Amino acid sequence: MAINIHNAEFIISAVKSSQFPTDNLPEIVFVGRSNVGKSSILNALLNRKNLAYVGNTPGKTREINFFRIDNQLYFVDLPGYSFANMPKEKMAKISGTIDSYLKSRKNIALVVMLVDIRHKPTKDDRLMYDYLINSELNFIIVPTKADKIAVTKVPDYCNIIKDELNVPEEIDIIPISSTKKSNLETIWQVISEIL
Ligand code: GDP
């Protein structure tokens with residue numbers, strides 16, 4: 001699937017489930033800590049500059065953004081988590097939003113869990129991973145910002161993430177760079193296979 005054929009429209013920034021789209025299309029969901037590069041990968045996959053807003057204040061938004069792609073599927077942008085320095089009340093709101101979407105939404109086809117390739121998974125990453133591995137959801141792990149390390153080191157860094165989280169062989173770990181647009185076609189391939 002060529003990257004430039006996708007037509008994407010922003011549909012809604014939802015704060016409650018009654019606002020979620022009702023046209024019953026499959027949803028590809030992006031999760032990750034604030035600043036992991038979630039907006040950047042959404043834009044890069046869709047070959048758009050500013051569909052999803054890059055450089056948002058970390059942890060500021062708790063909305064769930066829905067983008068409809070080619071009238072065939074949705075990209076769903078869940079709030080970024082980064083709970084270490086967050087006031088408790090905000091943390092509860094954001095984790096509540098993520099939790100209730102992941103637990104109750106029937107249209108989820110794939111969850112794309114983003115982690116920064118340079119860092120060992122944080123406590124928040126671990127919580128998300130544990131949730132996903134114990135759920136029935138299909139998911140892949142996507143280390144972001146691969147351009148920030150030497151190409152030859154990319155497999156080693158992916159292995160650190162794999163070992164730290166104890167990821168079984170059958171779960172794909174696909175490193176990407178949104179800046180360099182590398183490996184995005186592999187993500188599209190996984191999406192097409194699932195749909
Ligand atoms: P979000 O908070 O997860 O939506 O993260 P953003 O997409 O806003 O990105 C956070 C920061 O990381 C921004 O300064 C981006 O320019 C930068 N960034 C995102 N993806 C990449 C990448 O693939 N490579 C590099 N070098 N920087 C990136």
Side-chain angles (χ1 to χ4, degrees), residues 3-4 6 8 10-15 27-67 69 74-87 90-91 93-95 97-98 101-102 110-129 131-132 139-158 160-161 165 172-191:
I3 285 173
N4 57 10
H6 299 290
F10 168 74
I11 301 296
I12 191 168
S13 222
V15 290
E27 293 175 354
I28 311 296
V29 189
F30 294 81
V31 299
R33 302 179 68 222
S34 316
N35 228 33
V36 72
K38 193 152 49 66
S39 311
S40 299
I41 190 179
L42 283 165
N43 289 327
L45 284 169
L46 297 167
N47 224 3
R48 296 274 292 264
K49 281 206 165 65
N50 295 309
L51 191 69
Y53 185 65
V54 175
N56 231 331
T57 313
K60 196 175 170 206
T61 49
R62 63 178 191 94
E63 291 83 12
I64 299 183
N65 298 310
F66 290 83
F67 303 92
I69 319 297
Y74 281 96
F75 275 4
V76 179
D77 178 15
L78 287 189
Y81 45 82
S82 175
F83 297 144
N85 299 310
M86 198 179 274
K90 189 189 258 180
M91 182 173 124
K93 274 187 181 157
I94 291 181
S95 60
T97 303
I98 296 174
Y101 170 83
L102 289 176
L110 176 72
V111 179
V112 178
M113 179 180 167
L114 307 170
V115 290
D116 190 313
I117 197 164
R118 298 166 296 171
H119 307 309
K120 281 191 179 171
T122 63
K123 207 169 141 193
D124 300 322
D125 290 327
R126 222 175 274 272
L127 281 172
M128 178 53 74
Y129 176 80
Y131 175 77
L132 292 173
F139 72 101
I140 56 175
I141 297 177
V142 172
T144 59
K145 310 189 188 182
D147 59 285
K148 297 229 185 200
I149 57 177
V151 177
T152 50
K153 294 275 180 210
V154 167
D156 296 344
Y157 279 76
C158 289
I160 293 172
I161 292 165
L165 292 175
D172 287 333
I173 301 183
I174 306 169
I176 59 107
S177 161
S178 300
T179 312
K180 294 268 159 40
K181 302 217 165 208
S182 55
N183 234 0
L184 299 172
E185 65 289 349
T186 313
I187 308 289
W188 271 119
Q189 208 177 324
V190 173
I191 294 172

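Since the model is a prediction, treat every value here as computed from it, not as a measurement. One-based numbering, in listed order, for ligands and for the atoms of each.
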query: Do we see a donor-acceptor contact under 3.5 Å between the side chains of Asn43 and Ser40?
result: no
Counting heavy atoms under 4.0 Å, the part of Lys180 that contacts ligand 1 is neither
Exercise for review: Indicate, with yes or no, if the rings of Phe67 and Tyr74 have centres closer together than 6.0 Å.
Suggested key: no
If we number the atoms of ligand 1 from 1 as shown, the ones under 4.0 Å from a heavy atom of Ser177 are 23 (O)
For Lys38, the atoms of ligand 1 under 4.0 Å from one of its heavy atoms are 1 (P), 3 (O), 4 (O), 5 (O), 7 (O)
By side chain to side chain donor-acceptor pair (under 3.5 Å), Ser178 pairs with (sequence neighbours left out) none
Would you check whether Ala146 has a nitrogen or oxygen atom less than 3.5 angstrom from a nitrogen or oxygen atom of ligand 1? no
Relative to the ring of Tyr129, is the ring of Phe139 parallel (under 30°), tilted (30 to 60°) or perpendicular (over 60°)? perpendicular
If you compare Pro143, Pro79, Ser34, Ser40 by their heavy atoms, the one closest to atom 7 (O) of ligand 1 turns out to be Ser40
Salt bridge (Lys or Arg N to Asp or Glu O under 4.0 Å) filter on Asp125, not counting sequence neighbours, yields none
Check: of Gly37, Ala44, Gly80, Ser178, min heavy-atom distance to atom 5 (O) of ligand 1 comes from Gly37
> Do the charged groups of Asp116 and Arg33 touch, with an N to O distance under 4.0 Å?
Replying inline: no
The answer for which part of Asp147 has a heavy atom under 4.0 Å from ligand 1 is side chain
_Looking only at distances, can you tell me whether any N or O atom of Val36, backbone or side chain, sits closer than 3.5 Å to an N or O atom of ligand 1?_
yes
